[in-house]
Amino acid sequence: MHEMGIMQGILDASFEAAQNAGKSKISLVKVTIGELTEIQDYALEFAFEALTKDTMAEDAKLEMTFLEPKSTCQDCGHTYTHDHFTMTCPECGSFDVKLIQGRELQIDAIEAD
Amino acid sequence: MTQIDIQKPILDLNDKLAQRNHELFNEKGVFVLDLMASPGAGKTSTILATIAGLRDRYKIAVIEGDIASRVDADKIKAHGIPAVQINTGGACHLESDMIKRAIDVLDLDNLDLIIIENVGNLVCPSDFYLGEHAKVMILSVPEGHDKPYKYPNIFQISEAVILNKVDTMSVFDFNEEEFDGVVHSLNPKAPVFKIAATKGQGVDEWTDYLAKRIEEVRSRAQA
């Protein structure tokens, strides 16, 4: 998996935001991850620890929010959450569905001093 | 302590460069296919079969992504097709800046189709937009019909699925019905093309589909 690369992206954006705000220490990094990315929390945590060492985010905490998969049926308009495998509409059985949540990979905010 | 809102996709930089690649492809009317599969599933054989089926109609180039070596690019070039090798140096997938560097050495004005052969991997390539028009994945029969359960992500984000080496189905006890069922529930709209690339079996349906997609991009660029 490429959690290391993902985490480097998170930290690059965090460092940039902190520096732009004139801050020198990051204490918290908040991210939102869609479950369908299959990103694993322990792997992301491991990458966070490894990559923050000797940086302005050393000792910072990582807060992860996971979002479950959600789709809207393009035939009947029903919106529903579902597992990782079955996307078909539970109301009308249509296959014409649109995923509206579950593939996020987003950095939300940081706390810095 | 101050909270600073960022609200940005983590792969923002990759996605922005990919979007620039995409706009360039559209402007030049070049259809770009990102082909993903495990090592040994038959990516290069499928590309060669696709070239054989479409080279009379379209001008084709190939971008080869591998961790190391240039054996794949050499195989493609031996067929008189321009090929650029990208070595990722250990990275498990291609990113959009690598594609940008590769297309800088290709003559886009003289191409209709670029096939990107991604690094052999069913996990990582699926998260990275390169600017392509379609991501298509190949699974090969010897890998087993249960792979969609184990790697659902790649089956969901692919526009179409190619099942390769179908001539070996009886040897490997591949449950075709179960495979079709789970692929359909993961990605209800994706067509599944069943081929034996090295024998040319089933390749026409796939190249017909691809030709339609190429025409869409060409006609938009001409309009």
Side-chain angles (χ1 to χ4, degrees), chain A residues 1-23 25-39 44 69 71 73-74 82-89 93-99 102-113, chain B residues 1-18 67 88-98 118-119 121-129 135 146-158 178-192:
Chain A
M1 224 4 230
H2 50 265
E3 272 87 349
M4 279 289 180
I6 302 279
M7 184 47 72
Q8 196 57 59
I10 293 172
L11 291 176
D12 288 346
S14 302
F15 296 156
E16 192 191 326
Q19 276 153 9
N20 288 345
K23 307 289 182 186
K25 182 104 186 114
I26 295 172
S27 53
L28 180 69
V29 176
K30 295 182 182 179
V31 297
T32 296
I33 310 286
E35 286 180 7
L36 289 178
T37 62
E38 308 293 339
I39 297 267
L44 211 54
S71 293
C73 177
Q74 303 299 291
H82 50 85
D83 64 16
H84 293 203
F85 296 102
T86 313
M87 292 182 70
T88 40
C89 177
S94 170
F95 299 121
D96 192 6
V97 300
K98 192 165 188 260
L99 187 77
R103 219 173 274 296
E104 294 73 10
L105 265 179
Q106 167 153 311
I107 171 155
D108 300 320
I110 57 169
E111 282 181 13
D113 288 303
Chain B
M1 182 90 61
T2 318
Q3 166 144 336
I4 304 166
D5 282 326
I6 303 179
Q7 306 292 352
K8 212 161 84 163
I10 292 166
L11 301 175
D12 197 37
L13 185 60
N14 178 73
D15 292 350
K16 276 189 186 137
L17 288 174
I67 287 174
T88 62
C92 50
H93 58 269
L94 292 172
E95 295 188 18
S96 50
D97 65 320
M98 302 175 190
N118 216 313
V119 179
N121 184 330
L122 287 181
V123 183
C124 307
S126 62
D127 281 334
F128 290 83
Y129 177 42
K135 283 191 188 299
D146 57 352
K147 285 301 165 290
Y149 295 114
K150 298 184 179 181
Y151 304 96
N153 203 355
I154 196 161
F155 284 88
Q156 281 165 329
I157 58 102
S158 293
E178 189 177 341
F179 176 79
D180 289 344
V182 66
V183 170
H184 189 64
S185 70
L186 282 169
N187 191 344
K189 277 180 268 183
V192 179

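By convention in this document, chain letters (A, B, ...) are assigned in the order of the sequence lines, proteins followed by strands, and residues within each chain are numbered from 1.
P152(B) approaches E38(A) most closely through the heavy-atom pair CG-OE2, 3.7 Å. Across all their heavy atoms, A17(A) and I4(B) have their closest contact at O-CD1, 4.0 Å.
One distance of note links CD1 of I110(A) with CG of D5(B); it measures 10.0 Å at 0.5 Å rounding. Rounding to the nearest 0.5 angstrom, the gap separating the CD atom in Q7(B) from the OG1 atom in T32(A) is 7.5 Å. With rounding to the nearest 0.5 Å, the separation of CD in E3(A) from SG in C124(B) is 8.0 Å. In this structure, I10(B) CD1 and L44(A) CG are separated by 7.0 Å, a value rounded to the nearest 0.5 Å. Considering CG of D127(B) and CD1 of I6(A), their distance stands at 5.5 Å, rounded to 0.5 Å.
Listed options D108(A), L28(A), L105(A) were ranked by heavy-atom pairs under 4.5 angstrom with chain B; first place goes to D108(A). Between chain B and the options L36(A), T88(A), D96(A), heavy-atom pairs under 4.5 Å are most frequent for L36(A). Chosen from N187(B), T2(B), N121(B), L11(B), the residue pairing most often with chain A at heavy-atom distances under 4.5 Å is T2(B).
Looking at K30(A), only its side chain comes within 4.5 Å of chain B, counting heavy atoms on both sides. For a residue to count as touching a neighbouring chain, one of its non-hydrogen atoms must lie under 4.5 Å from one of that chain's; by this rule F128(B) touches chain A with the side chain only.
In K189(B), the NZ atom is crowded: over 12 heavy atoms of neighbouring residues, nucleotides or ligands sit closer than 6.0 Å.
Taking the side chain as every heavy atom from C-beta outward, I157(B) and R103(A) approach each other to under 4.5 Å.
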